[in-house]
Asks: 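Sharing a structure here in C-alpha cells format.
A note on names: the letters A, B, ... follow the listed sequences, proteins ahead of strands, and every chain is numbered from 1.
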Amino acid sequence: MTDNRFDPSLSDGRWQRAWEDGGTFTADSDADKPKSYILEMFPYPSGRIHMGHVRNYTMGDVLARFKKMSGYEVLHPMGWDAFGMPAENAAMEKKVHPGAWTRSNIEGMKAQLKRIGFALDWTREFATCDPEYYGHEQALFIDMYEAGLVYRKSSEVNWDPVDMTVLANEQVIDGKGWRSGAEVEKRKLDQWFLKITDFAEELLAGLGELEHWPDKVKLMQENWIGKSTGLEFSFALSNGEKLPVYTTRPDTIFGASFCAIAADHPIAQGLSENAAVAAFIEECKKGGTTAAELETAEKLGFDTGITARHPFTGEPMPVFIANFVLMDYGTGAVMGVPGHDQRDFEFATKYQLPIARVVAKDVAQADAPMGDEAEAGDGVIVNSDFLDGMSVEDAKADVIAKAEQGGWGEGTTVWRLRDWGISRQRYWGTPIPFIHCDSCGIVPVPKDQLPVTLPEDVDFETPGNPLERHATWKHCACPKCGGEAVRETDTLDTFTNSSWYFLRFASQPADAPFDPEEIAKWMPVQHYIGGIEHAILHLLYARFWTRALAHIGKFEVKEPFAALFTQGMVTHEVYYRMKRMDLSESKDAAVLDGYYSPDEVIRASDGATLKTDGQPVEVGRVIKMSKSKKNVVDPDAIIADYGADAVRWFMLSDSPPERDLPWSEAGIEGCWRFVQRLWRLFGQIDDSAKGEDKALARKAHQAIVAVAEDIEALSFNKAVARIYELTAAAEKAESGEDRNFAIRTVMHLIAPMMPHLAEEAYAKLGHDTLIADAAWPEHDPAMLVEDEVTIAIQHKGKLRDTITAPKGAPKESLEALALASEKVQRSLDGAEIRKVIVVPDRLVNIVT
RNA sequence: GCGGGUGUGGCGGAAUGGUAGACGCCGGGGACUUAAAAUCCCCUGAUCCUAUAGAUCGUGUGGGUUCGAGUCCCACCACCCGCACCA
C-alpha cells in the first residue's frame with residue numbers, strides 16, 4: 001500500500017485474519033476480569049446479510065470492542081435462528097432440502113459478517129437446527145413438562161390454509177397469517193401449550209425492574225399481558241341456569257339494565273336450534289376483524305327472551321346475544337351498564353334499554369341527565385342504594401366484599417395473555433419429544449434417547465406436515481411398555497428456539513443445555529440489541545423461558561436482558577415511474593409502472609434519472625429498505641467499494657441509533673473521505689517534534705471522557721461528532737508532543753468503530769500488539785477543566801456580546817466586565833438597570 | 001377509540017432552563033493542477049440594511065411560568081408506532 005492512502009482491500013482481510021488467528025475475541029469465562037455479555041438478536045439465515053443487520057451488529061460490535069478496551073472480559077457471540085418456514089418454502093419452490101438451503105445460507109452470511117470485521121467469538125457459534133442444540137431444547141421441554149408447565153388440550157386454533165399450519169395469536173395480524181397473508185380459519189386440534197399464564201403476574205411485575213429497557217417496549221408488554229381486576233359473579237336466569245359474568249366496574253352494578261353473551265357462548269349455542277338464533281350467530285361471525293371494520297361495526301343484539309335477576313334489586317333484565325362480546329375474554333358474558341360504558345351505551349340506545357346514571361360528579365348531580373355518550377370517568381356513586389356517596393374505588397371494594405360474603409361472586413384477576421400454543425404441523429422445527437402409546441398414553445422420550453432428530457428423506461411436493469406422511473419416522477416402541485407407538489409429529493414454534501439461545505451461547509457443555517455456574521458468570525446479557533418488531537413476541541417468550549427455567553431450579557437468573565436497545569431501520573428513498581392508463585390528461589389516470597433500484601439511477605441534487613435512458617424518474621419517500629420497493633443497497637457491494645470501516649462509520653453517524661437511518665451515496669462518500677483523512681493524520685505523528693499545545697491536549701482529554709460516555713449510552717452519533725471535532729483540531733495544530741498525543745487519542749477512540757484502519761495505523765507506529773487489545777486511553781481529570789470560559793451577555797433576553805473571563809471569576813467582576821462592553825452599553829442606551837443576573841462561567845443577563 | 005412517540009436550516013441531526021443550529025451531507029466561492037481526480041481554505045437559517053458593522057424574526061400552532069424556554073406547564077395541529085368491541 002502507498003503511504004498516503006488507506007487500502008481496505010488489503011488491510012481489512014489482514015486484520016480480520018489477525019483477530020481470528022489470535023483468538024482476540026474468544027471469551028474466557030475463567031478470566032479474572034469483570035464480565036460483559038453483549039448480544040445482538042441472532043439472524044434468520046434467509047440468504048443475505050442486509051443493511052439492517054449491518055447496523056444492528058455494528059452497534060453491538062462497537063460496544064463489545066469498547067468494553068474490551070475498558071478492561072472487561074467480553075462475550076459477544078453469534079449464531080443462527082435457523083428453523084422456520086422460509087426454509088420449507090424454499091424447499092417447495094427450489095426443490096432443495098431445507099437443511100441444505102439453510103446451511104448454505106449460513107455459510108454465505110457468515111462470510112459476509114466476517115468481511116465487516118465484527119469482534120465475534122465464533123467458537124461459540126451454533127445454529128438452532130443443529131441436532132445438538134434442539135436436542136437440549138427437547139430435554140428442557142421435557143423438564144418443563146415434568147414441572148407441569150406443558151399441557152395438551154383440544155382447542156380451536158388459528159389455521160393458516162396456505163402454510164397449512166397453526167399460528168399463535170401473536171402471528172395473526174388483522175385476521176391474516178403473519179407470513180402468508182392468508183385469511184385465518186378456526187379449527188379444533190389437539191395442541192401442545194406452555195403455561196405462560198402461570199407467569200403472567202411475574203412477567204408483569206418483572207417489567208418494573210427493567211430500568212434499562214425502553215418504556216415503549218415495557219408498555220407494549222404490559223398491554224399484551226393485560227391485567228385487569230374486577231368481580232366475577234353469576235346471574236340467576238329465568239330458565240333456571242346460571243350466567244357467570246366478569247366486570248371491572250362492580251361499582252356500577254345498580255346501573256345494569258341488560259346482560260349480553262357472546263355468539264359462541266354455550267347458552268347461545270344451546271338456543272341455536274331456533275332458526276332466528278342460528279341466523280344471528282352466523283351474522284355475528286361474518287363481521288370483519290380489520291381495524292376499520294371494527295371501528296364502524298354496529299352493535300347488534302338478539303333478545304333471547306331469557307331474563308337475568310339483578311343480585312341486589314331482584315329486577316329482571318333481558319339477556320341478549322351480542323356481536324361485541326368476546327367468548328375468549330372473561331366469561332364470555334357481561335352485564336350491560338349503558339350509563340358508564342360506551343359499548344353498552346350504544347347497544348342500549350339501539351335497543352331502547354334503560355340508561356341509568358349511577359356515577360356523578362357529586363351527590364347533587366345524581367339526577368343530571370345523561371349526555372349522548374357514556375361517562376366512564378371517576379366520581380361518586382349515586383342512585384345505588386347502599387353505595388350512594390361512595391367513591392368509585394370504595395364502591396368496587398364494597399360490592400366485591402358483599403358478593404364474597406354472600407357467596408355469589410368473588411374478586412378476580414383476568415389476563416389478556418393466553419397460554420402459548422407451540423404446536424406446529426411443520427417439518428423444519430424441533431420435534432416435540434413425546435410418544436403416543438395406546439396403553440400408556442403420552443410418554444416423554446427418555447433423555448438418553450435425545451435428540452429426536454428430523455428424518456432427512458422427506459418430500460415437500462404435497463402441503464401439510466412431512467413428518468406425518470413419512471413412511472417410518474413416527475413409528476417407534478413405547479419407552480414404557482415396549483409396545484407399538486407413534487411419535488408426536490408436531491414441531492415446536494420457532495420462537496421456542498430463540499427463547500433460550502442466549503443461555504447456550506454463555507455455556508455449552510455437551511451433556512446438558514448449559515452449566516449453571518457458567519450462566520451465573522455471564523448472565524444477564526448486559527446489552528441486548530435488536531429490532532422493535534420483537535418488542536412483544538420474542539422478548540416476552542425469552543423472559544418467560546428464563547423465569548420458567550429459574551422456577552424449576554436450573555439457575556438463579558430471572559431476567560435475561562438487563563438492558564434492551566431497539567435500533568431504527570435503515571431506509572432509502574424509492575425511485576419509480578408512473579404510466580398513464582388512458583389518453584386523458586388527468587393525473588389520477590396514472591398508475592405505477594415500476595420501481596428502480598438505486599444502482600439503476602443517477603441521483604442529482606434536483607432529481608434523478610435512469611441510467612439506461614437518461615430520462616427522469618420520480619423520487620419517492622424515504623422508507624425501510626425492501627426488495628419489493630427495490631430501494632435496497634447491498635452491503636457487499638458497498639464494502640467492496642469503500643471497505644468495512646467506511647460502512648461501519650456510516651452506520652454510526654448522524655442519526656441517533658433508535659431512529660431510522662437514511663442511506664445515501666453522498667453519505668458513504670463522506671465516510672470514505674474521513675477514513676482517508678484519518679489515515680493522513682495518523683501518518684503525521686512525529687515523535688521528534690517538540691512543542692506544547694495545551695488547548696489541544698485539553699480537547700483530547702475531554703474527548704476521551706465524552707466519547708466513552710457516548711458509547712456507553714449508545715449515542716454513537718454524538719461520539720462520532722466529537723471525534724470529528726478532535727480530528728479537525730489535531731489537523732490544524734502545530735506539530736509537537738501534544739499534537740502527537742491528540743492523534744494517538746483519535747486512533748484509540750476510533751478503534752471500536754473503524755477497527756481495521758486503527759490496527760493498520762497502530763501497526764505502522766511500530767506496535768507488534770493489536771489495538772483491539774489496547775486499553776482505552778486514560779484521561780487526566782485536571783485537563784478536563786477549562787481555565788478560560790466564554791460568558792454570554794444578554795439584555796432584553798437577547799445576546800448582545802460575549803466576553804472571555806477566567807473560570808470561576810466572581811460575580812462582581814463578571815458584572816463589571818459585562819457593563820464595560822461597548823455593545824452592551826449601546827443596547828442599554830442609558831436605560832435604568834433594575835437587576836443583573838449572573839450565572840458564574842455562563843452568562844450575565846441585564847434586566848432594564 | 002385507547003396508549004405511546006415525534007415535530008429544530010435544503011437534508012440527517014446537536015443543545016444539564018442559560019450564546020439555537022455542534023458535527024455530517026448537499027450547495028456556493030476560491031487555491032493547487034495543462035486538465036481532471038484527490039486535497040486544502042472560505043461562505044452557507046430567513047428578512048431588512050446606510051452592508052467587514054448593525055437590526056428584526058426564527059425550534060409545528062396558540063397561550064402561560066421565568067431575568068431567561070427548543071427544553072417546564074396548559075390547549076391544539078400534523079405525522080409515526082403499538083393495541084383494539086378486553087367488559
Side-chain angles (χ1 to χ4, degrees), chain A residues 4-5 174 214-224 226-228 230-231 245-249 252 260 262 287 289-291 293-295 297-299 322-326 328-337 340-344 346-347 376 414-416 532-533 535-536 571 604-606 622 649-650 653-656 658-671 673-674 676-677 680 715 717-725 727-728 731 790-802 823 826-827 834-839 841-848:
Chain A
N4 53 12
R5 212 149 168 83
D174 288 342
D215 289 341
K216 182 192 170 90
V217 173
K218 286 191 278 188
L219 222 107
M220 282 164 74
Q221 293 212 354
E222 191 179 317
N223 292 337
W224 192 263
K227 181 179 186 173
S228 86
L231 172 68
V245 299
Y246 170 72
T247 177
T248 56
R249 293 293 303 273
T252 63
T289 49
T290 66
E293 282 169 317
L294 285 176
E295 189 84 11
E298 199 183 355
K299 302 280 178 286
N323 66 343
F324 68 92
V325 181
L326 305 174
D328 61 357
Y329 184 80
T331 61
V334 298
M335 67 169 190
V337 183
H340 306 283
D341 180 282
Q342 186 57 28
R343 290 155 308 174
D344 297 348
E346 287 168 29
F347 192 82
V414 169
W415 305 87
R416 209 189 81 107
I532 186 73
E533 68 273 19
I536 298 171
T571 58
S605 58
D606 57 346
V622 178
W649 188 251
F650 185 100
S653 303
D654 295 352
S655 288
E658 67 278 10
R659 286 205 217 166
D660 290 350
L661 173 68
W663 177 269
S664 76
E665 195 62 26
I668 186 70
E669 292 274 359
C671 294
R673 282 198 296 272
F674 187 60
Q676 298 303 339
R677 201 174 135 197
R680 287 191 297 275
S715 298
N717 56 323
K718 292 190 219 168
V720 162
R722 290 187 202 280
I723 290 171
Y724 272 117
E725 282 182 83
T727 301
E731 283 169 337
T790 305
I791 308 282
I793 306 165
Q794 296 180 337
H795 171 228
K796 287 197 268 189
K798 291 201 186 347
L799 181 72
R800 302 296 163 175
D801 199 4
T802 57
K823 288 177 184 174
R826 209 183 313 144
S827 176
R834 292 194 303 161
K835 199 171 171 187
V836 177
I837 287 140
V838 181
V839 181
D841 298 335
R842 277 281 185 185
L843 63 71
V844 179
N845 190 2
I846 301 161
V847 185
T848 54

Asks: What is the distance from CH2 of Trp224(A) to P of rC81(B), rounded to the nearest Å?
Replies: 18 Å
Asks: May I ask you to test the Ile532(A)-Lys216(A) pair for a side-chain heavy-atom distance under 4.5 Å?
Replies: yes
Asks: In whole Å, what is the span from the CD atom of Glu222(A) to the P atom of rC86(B)?
Replies: 17 Å
Asks: Check Arg800(A), Lys796(A), Gln794(A) against Lys798(A) for a side chain to side chain contact (heavy atoms under 4.5 Å, CB included) and give me the one that passes.
Replies: Arg800(A)
Asks: Can you tell me the distance, in whole Å, between the CD atom of Gln342(A) and the C1' atom of rC86(B)?
Replies: 16 Å
Asks: Show me the protein contacts with nucleotides 53-60 of chain B, counting only N or O atoms at under 3.5 Å.
Replies:
{"from": "rC57(B)", "atom 1": "OP2", "to": "Lys798(A)", "atom 2": "NZ", "distance (Å)": "3.4"}

Asks: Judged by each residue's nearest nucleotide on RNA chain B, which is more toward the 5′ side, Ser655(A) or Gln676(A)?
Replies: Ser655(A)
Asks: Using the P atom in both, what is the distance from rU6(B) to rC86(B), to the nearest Å?
Replies: 27 Å
Asks: Going by purine N1 to pyrimidine N3 plus the second Watson-Crick contact, or the G-U wobble pair, all under 3.5 Å, which nucleotide sits opposite rC2(B)?
Replies: rG82(B)
Asks: Between rG10(B) and rC48(B), how far is it from one P atom to the other, in whole Å?
Replies: 16 Å
Asks: Can you find a pair of side-chain heavy atoms, one from Arg249(A) and one from Val337(A), that are under 4.5 Å apart?
Replies: no
Asks: Hey, are the side chains of Val844(A) and Val838(A) touching, using non-hydrogen atoms and a 4.5 Å cut-off?
Replies: yes
Asks: Just verifying a value: how many Å separate Thr571(A) OG1 and Trp663(A) CH2, rounded to the nearest 0.5 Å?
Replies: 11.5 Å
Asks: It should be established whether Tyr246(A) places a side-chain nitrogen or oxygen under 4.0 Å from OP1 or OP2 of nucleotide rA87(B).
Replies: no
Asks: Can you tell me, in whole Å, how much space there is between the C1' of rG29(B) and that of rU44(B)?
Replies: 11 Å
Asks: Quick one: pull up OG1 in Thr790(A) and CG in Leu843(A) and give me the separation to the nearest 0.5 Å.
Replies: 12.0 Å
Asks: Over all strands shown, is Val839(A) touching base, sugar-phosphate only, or nothing at heavy-atom distances under 4.0 angstrom?
Replies: base
Asks: Among rA84(B), rG3(B), rU19(B), which nucleotide sits nearest the side chain of Asn223(A)?
Replies: rG3(B)
Asks: Return the value, rounded to whole Å, for the distance between atom CG of Asn845(A) and atom P of rG17(B).
Replies: 18 Å
Asks: Under a 90° cut-off about 0 for the syn range, is rG9(B) syn or anti?
Replies: syn
Asks: Please report the distance separating the C1' of rG17(B) from the corresponding atom of rA84(B), rounded so that it comes out in whole Å.
Replies: 39 Å
Asks: Taking pairing as Watson-Crick or G-U wobble with both contacts under 3.5 Å, can you name the mate of rC25(B), or confirm there isn't one?
Replies: rG10(B)
Asks: Could you tell me which nucleotide pairs with rA20(B) by Watson-Crick or G-U wobble geometry, both distances under 3.5 Å, or answer none if nothing does?
Replies: none
Asks: Roughly how many Å apart are rA78(B) and rC26(B), using the C1' atom of each and rounding to a whole number?
Replies: 27 Å
Asks: Could you pull out the protein-nucleic contacts involving nucleotides 20-24 of chain B (nitrogen or oxygen on both sides, under 3.5 Å)?
Replies:
none

Asks: Taking the same atom, C1', in rG3(B) and in rG60(B), what whole-Å distance lies between them?
Replies: 22 Å
Asks: Could you tell me the Watson-Crick or G-U partner of rU61(B), where both distances fall under 3.5 Å? Say none if there is no partner.
Replies: rA75(B)
Asks: Rounded to the nearest Å, what distance is computed from the NE2 atom of residue His795(A) to the C1' atom of nucleotide rG18(B)?
Replies: 17 Å
Asks: Think Ser228(A) has a side-chain N or O under 4.0 angstrom from the OP1 or OP2 of rA87(B)?
Replies: yes
Asks: Between rC83(B), rC25(B), rG18(B), which one does the side chain of Leu843(A) approach most closely?
Replies: rG18(B)
Asks: Do the side chains of Phe674(A) and Ile723(A) get nearer than 4.5 Å, heavy atoms only?
Replies: yes
Asks: Where the side chain of Lys216(A) is defined as all heavy atoms beyond and including C-beta, which of rC81(B), rU6(B), rC26(B) is the nearest nucleotide?
Replies: rC81(B)
Asks: Provide the distance between the two P atoms, one in rG12(B) and one in rG63(B), to the nearest whole Å.
Replies: 28 Å
Asks: Round to the nearest Å and state the distance from Ile846(A) atom CD1 to rG18(B) atom C1'.
Replies: 14 Å
Asks: Hunt down the Watson-Crick or G-U wobble partner of rA31(B), both distances under 3.5 Å, from any strand shown, or write none.
Replies: rU39(B)
Asks: Can you identify which nucleotide, out of rU6(B), rC67(B), rG82(B), has its nearest atom closest to the Ile837(A) side chain?
Replies: rC67(B)
Asks: On RNA chain B, does the nearest nucleotide to Pro662(A) precede the nearest nucleotide to Thr248(A) from the 5' side, or the other way round? Give the residue.
Replies: Pro662(A)
Asks: Quick check for you: among rC86(B), rG18(B), rG82(B), whose closest atom lies nearest to any side-chain atom of Met220(A)?
Replies: rG82(B)
Asks: Going by purine N1 to pyrimidine N3 plus the second Watson-Crick contact, or the G-U wobble pair, all under 3.5 Å, which nucleotide sits opposite rG54(B)?
Replies: rC48(B)
Asks: Is there side-chain contact between Val720(A) and Phe650(A), with heavy atoms separated by less than 4.5 Å?
Replies: no
Asks: Is there a side-chain contact between Asp654(A) and Asn717(A), using heavy atoms and a 4.5 Å cut-off?
Replies: no
Asks: Nearest to the side chain of Ala666(A) - rG18(B), rC86(B), rC25(B)?
Replies: rC25(B)
Asks: So how far is it from Arg680(A) CZ to Glu731(A) CD, rounded to the nearest 0.5 Å?
Replies: 7.5 Å
Asks: We want to know whether Ser827(A) and His795(A) form a side-chain donor-acceptor pair, criterion being a heavy-atom distance below 3.5 angstrom.
Replies: yes
Asks: Looking at side-chain heavy atoms only, is the closest gap between Thr252(A) and Met335(A) below 4.5 Å?
Replies: yes
Asks: Return the OH to OH distance between Tyr329(A) and Tyr246(A), rounded to the nearest 0.5 Å.
Replies: 5.0 Å
Asks: In whole angstroms, how far is the P atom of rU19(B) from the CZ atom of Arg842(A)?
Replies: 6 Å
Asks: The side chain of Leu219(A) lies closest to which of these nucleotides: rG4(B), rU19(B), rA14(B)?
Replies: rG4(B)
Asks: Taking atom C1' in both rG27(B) and rG45(B), compute the distance separating them and give it to the nearest angstrom.
Replies: 14 Å
Asks: CD of Glu346(A) versus C1' of rC85(B): gap in Å, rounded?
Replies: 9 Å
